[in-house]
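Contents: one structure, followed by commentary.
Please read all numbers here as calculations on a predicted model, not as lab measurements. In what follows, chains are A, B, ... by sequence order, proteins preceding strands, each numbered from 1.
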Amino acid sequence: MIREDLISALHRAAAACGAAAPDDLALDVPRQREHGDWSSNLAMRVAKEAGRNPRELATELVGALEAMDLAHVERIELAGPGFINFHLAPTWVHDVVRDVVERGAGYGAGADLAGRRINLEFVSANPTGPLHAGGGRWIAAGDAIANLLAIRGAEVSREYYLNDTGNQLNLLKASLAARYRGEPLPDDGYVGDYVVELARELRDAHGGDLADDDLCELGLQRIIDGIRSDLERIGVQFDTWFSERTLHERGDVAAVLTLLREGGETYEHEGAEWLRTEQHGDTRDRVLVRSDGTTTYLCNDLAYHRDKFARGFTHLINIWGSDHHGQVKSLQAGVEAVTGQVDEPEIILGQLVRLVRGGEEVRLSKRAGNVVTLADILDEVDGDVARMTFLLQSLDTKQTFDLDVVTSQAMDNPVYYVQMAHARIASIARKATDAGVDRRPIAEVDLGPLRHAREVETLRKLAVFPDVVADAAAERAPHKIAHWALEFSGLFHGFYHDCRVLGEDDDVTQARLWFNEACRIGLANALAVLGVSAPETMVRLDDAGDDADGDRGAASPAPSGVRE
RNA sequence: GCCCUCGUAGCUCAGGGGAUAGAGCAUCGGCCUCCGGAGCCGUGUGCGCAGGUUCGAAUCCUGCCGAGGGCGCCA
């Protein structure tokens with residue numbers, strides 16, 4: 001591919017000029033088209049340490065590059081303070097088509113994470129109630145990040161940690177028992193309607209004589225089933241559901257305590273047992289065993305993370321809401337004390353979702369009826385819409401999830417813009433087949449006719465997809481894929497508007513059929529990373545009302561507006 | 001008080017050392033004998049403020065202002 005060729009050429013040119021090019025040599029697509037197809041700041045990067053004037057060095061580099069007679073390169077210019085700009089013949093994008101088609105579903109894949117066994121823990125909401133709407137962000141992001149890591153070669157395991165013991169669960173038990181027996185809720189009890197409903201369901205199914213423990217177990221199971229159901233609806237499959245109880249039952253918690261005590265990492269103070277986390281970078285020491293003898297969340301979590309390493313993972317990643325950022329140092333310090341592993345687990349912090357309905361923020365009030373669950377959202381929009389909405393924004397930005405916009409105006413949702421592009425691509429291929437126009441083997445097809453500005457621009461964007469994937473994976477930033485998909489779809493819609501595939505001269509049709517196929521691959525791969533379906537057809541807006549259950553096939557996302 | 005994250009167009013957000021800062025929505029105005037108009041094209045006095053580092057800062061550093069979050073033997 002052209003990018004690798006140019007980078008390689010730059011390295012050779014640098015060597016020829018007596019300068020060493022850095023490993024992370026920048027080769028970018030300039031914002032201004034006049035600045036060429038690709039641009040490098042190599043001269044400016046190395047001028048200082050080489051003791052050279054940037055423009056002078058760049059002149060020399062350009063000379064060396066010109067002497068290489070590089071494929072597709074029409075002109076190399078020195079510009080501005082020392083940029084080296086490559087102007088390519090439009091033919092370079094033809095190689096992009098061939099490359100994409102050849103790689104197929106593997107286009108965008110890489111091996112930079114090969115050999116890594118990564119455990120990605122996300123969601124992990126306490127099983128004391130249904131998943132909150134805001135939790136959808138962690139679900140969508142976690143699944144997409146897992147896909148990103150996998151596509152770059154890592155072996156990724158998605159894990160859900162069930163905190164099925166401890167204070168929160170006791171509180172659930174007390175709350176459930178109170179509702180079940182019609183007694184007043186305990187202080188700080190769970191006031192949500194779901195507890196009332198749960199109590200009623202359990203009474204209906206098992207009568208009114210359940211003991212508190214049984215009540216709690218049955219309720220817990222129902223809540224977990226509900227969480228699983230929500231995750232299924234949004235299309236996320238976890239590899240492992242890890243129960244905190246097993247840590248206690250197997251003696252893992254006791255074992256980690258013994259380990260730490262033997263290592264001299266703990267001490268007694270005011271009746272509690274503390275871990276010297278400050279020695280490992282925390283702001284202060286933390287309690288492992290309370291004065292009542294119970295272990296803290298941190299203590300249990302250390303046993304948990306020790307277990308993850310014991311299962312053979314080489315790297316651990318947790319996705320947390322930013323409201324937990326205060327625990328990052330403590331956990332990492334503790335894990336270092338337990339395992340010796342530094343900077344583990346990696347914590348991806350995401351800003352919380354701000355829910356807005358009717359122009360007003362839906363506060364996470366403890367008052368019943370004010371909690372918006374993920375299931376509520378999925379009742380109104382399909383999983384693709386929810387996912388795309390969550391994924392469009394950087395995890396660093398607190399997200400405003402406007403329920404009115406996402407639900408009642410679902411037609412404007414960017415996900416349909418992207419899916420429509422994919423459906424159009426599929427439609428063109430279908431029409432070609434119906435018309436008896438067969439796509440000849442790409443090796444026999446001259447892609448020369450692909451020189452329309454729409455085609456070239458679309459292929460330029462397609463060409464950077466692997467770079468975007470690599471960057472998104474390294475940054476744990478799935479929104480970059482969402483934005484690429486959006487931009488790419490826009491370019492394809494532009495092509496579709498201005499260019500026709502069928503009904504043109506045969507050589508044009510053949511070239512464009514392959515262009516179309518390359519676009520399909522790129523878009524499908526991007527959607528696969530996002531976990532959003534790539535439909536062959538869309539349900540027509542004007543058909544949706546009276547024929548929502550038509551024969552369009554399961555792949556067709558039903559516009560949410562169909563439902564009242 | 002200390003710590004973390006974030007302040008970019010009317011709104012929601014990209015861009016996070018490179019050359020003239022972008023998109024969607026909204027506004028206003030164009031485009032349908034056409035592979036599906038859920039489309040295309042045009043329309044923009046914006047990087048919170050002040051210093052600093054650099055050949056170059058929206059981007060990195062410091063301070064201030066503003067928003068959110070965190071500072072438990074809760075999770």
(request) Look at the aromatic rings of F242(A) and Y161(A) and report parallel, tilted or perpendicular, splitting at 30° and 60°. (result) tilted
(message) Are the side chains of R512(A) and E455(A) in contact, using a 4.5 Å heavy-atom criterion?
(response) yes
(request) Please state how far atom CZ in R424(A) lies from atom P in C35(B), giving the value in whole angstrom units. (result) 10 Å
(request) Could you measure between the two P atoms, the one in U45(B) and the one in C3(B), and give it in whole Å? (result) 40 Å
(message) Suppose you measure atom P in G15(B) against the same atom in U54(B); what distance do you get, rounded to whole Å?
(response) 28 Å
(request) Return the nearest nucleotide to the side chain of L502(A); candidates are C35(B), G39(B), A75(B). (result) C35(B)
(request) Quote, to the nearest angstrom, the P distance that separates G56(B) from G42(B). (result) 35 Å
(message) Distance check, P atoms only: U12(B) and G17(B), in whole angstrom units.
(response) 25 Å
I'd like a table of donor-acceptor pairs (distance under 3.5 Å, sequence neighbours excluded) in which one partner is a side-chain atom from residues 76-85 of chain A, with atom names and distances.
| residue | atom | partner | partner atom | Å |
| --- | --- | --- | --- | --- |
| E77(A) | OE1 | R75(A) | NH1 | 3.3 |
| E77(A) | OE2 | N85(A) | ND2 | 3.3 |
| E77(A) | OE2 | H87(A) | NE2 | 3.0 |
| N85(A) | OD1 | S39(A) | OG | 2.7 |
| N85(A) | ND2 | H35(A) | O | 3.3 |

(message) Under a 3.5 Å cutoff, is there a donor and acceptor pairing between the side chains of S330(A) and R286(A)?
(response) yes
(request) Let me know the distance between NE2 of H324(A) and P of C74(B), rounded to the nearest Å. (result) 14 Å
(message) Please classify C65(B) as syn or anti, treating any glycosidic angle within 90° of 0 as syn.
(response) anti
(request) Could you say whether K48(A) or N163(A) is positioned toward the 5' end of RNA chain B, judged by the nucleotide with the nearest heavy atom to each? (result) K48(A)
(message) Nearest to the side chain of Q351(A), heavy atoms from C-beta on, is which of C73(B), C40(B), U5(B)?
(response) U5(B)
(message) Between C49(B) and U8(B), how many Å separate the two C1' atoms, rounded to a whole number?
(response) 15 Å
(request) Measure the acute angle between the ring planes of F515(A) and F492(A), then classify it against the limits of 30° and 60° as parallel, tilted or perpendicular. (result) parallel
(message) Under 4.0 Å, heavy atoms only, any strand: does R284(A) hit a base, just the sugar-phosphate, or nothing?
(response) sugar-phosphate
(request) Determine the interplanar angle of the Y160(A) and W241(A) rings, folded into 0 to 90°, and report it as parallel if under 30°, tilted if 30 to 60°, perpendicular if over 60°. (result) parallel
(message) Ring of F390(A), cation from R137(A) - is the NZ or CZ under 6.0 Å from the centre and inside 45° of the axis?
(response) no
(request) Could you tell me whether the phosphate oxygens of G37(B), OP1 or OP2, come under 4.0 Å of any side-chain nitrogen or oxygen in Y496(A)? (result) yes
(request) For RNA chain B, produce a single dot-bracket line, 5' to 3'. Pairs: Watson-Crick or G-U wobble, both distances under 3.5 Å. Symbols: ( ) within strand, [ ] crossing, | other strand, . unpaired. (result) (((((((..((((....[...))))..((((.......)))).....(((((..]....))))))))))))....
(request) Between C13(B) and G69(B), how far apart are the P atoms? Round to whole Å, please. (result) 16 Å
(request) Report yes if a side-chain nitrogen or oxygen of R354(A) is closer than 4.0 Å to either non-bridging phosphate oxygen (OP1 or OP2) of A67(B); otherwise report no. (result) no
(message) Whether R454(A) contacts C41(B) is assessed here as follows: a side-chain N or O lying under 4.0 Å from the phosphate OP1 or OP2. Is that the case?
(response) yes
(request) Please examine the side chains of T433(A) and R439(A), heavy atoms only from C-beta on, and report whether any two atoms are closer than 4.5 Å. (result) no
(request) Could you state the atom-to-atom distance from CG of L172(A) to P of A75(B) in whole Å? (result) 16 Å
(request) Among G36(B), C73(B), A75(B), find the nucleotide with the atom closest to the side chain of N167(A). (result) A75(B)
(message) Just so I know, are the side chains of Y496(A) and R454(A) near enough to count as touching, which here means a heavy-atom distance under 4.5 Å?
(response) no
(request) Report which part of the nucleic acid C499(A) touches: base, sugar-phosphate, or nothing (heavy-atom distance under 4.0 Å, all strands). (result) base
(request) Return no unless some side-chain N or O of Y416(A) is found under 4.0 Å from OP1 or OP2 of G36(B). (result) no
(request) Take the protein atom CG of L349(A) and the nucleotide atom P of C3(B), then report the distance between them rounded to whole Å. (result) 18 Å
(request) May I have the distance from Y161(A) (atom OH) to A75(B) (atom P), rounded to whole angstrom? (result) 10 Å
(message) I'd like to compare against my own output: the B/S/- annotation of nucleotides 13-23 of chain B with a strict under-4.0 Å heavy-atom distance to protein.
(response) SSSS-BBB---
(request) Could you tell me whether the side chain of D382(A) and the main chain of V385(A) form a donor-acceptor pair under 3.5 Å? (result) yes
(message) Just checking F495(A) against H452(A), ring centres under 6.0 Å apart?
(response) no
(request) Could you work out the separation of C28(B) and U43(B) based on their C1' atoms and round it to a whole Å? (result) 7 Å
(message) As a test of reading the structure: which of A75(B), C40(B), G36(B) is closest to the side chain of T537(A), going by heavy atoms?
(response) G36(B)
(message) When you measure only distances, ignoring hydrogens and angles, does the side chain of H325(A) come within 3.5 Å of the base of G69(B) through a donor and an acceptor?
(response) yes
(request) Specify the separation, in whole Å, of atom CG of L169(A) and atom C1' of A75(B). (result) 13 Å
(message) Could you check whether any side-chain heavy atom of L6(A) comes within less than 4.5 Å of a side-chain heavy atom of F86(A), counting everything from C-beta outward?
(response) yes
(request) Take atom C1' in G22(B) and the same atom in A9(B), then report the distance between them in whole Å. (result) 10 Å
(message) Any base atoms under 4.0 Å from N126(A), or only sugar-phosphate, or nothing? Heavy atoms, all strands.
(response) sugar-phosphate
(request) May I ask you to evaluate whether K329(A) reaches the phosphate of G70(B), defined as a side-chain N or O under 4.0 Å from OP1 or OP2? (result) no
(message) Base, sugar-phosphate or nothing for Q327(A)? Non-hydrogen atoms, less than 4.0 Å.
(response) base
(message) Nearest whole Å is fine: how far is C73(B) C1' from L288(A) CG?
(response) 11 Å
(message) What is the distance, to the nearest angstrom, from the CG atom on D187(A) to the P atom on C74(B)?
(response) 17 Å
(request) Respond yes when some side-chain nitrogen or oxygen of R290(A) is under 4.0 Å from OP1 or OP2 of A75(B), and no when none is. (result) yes
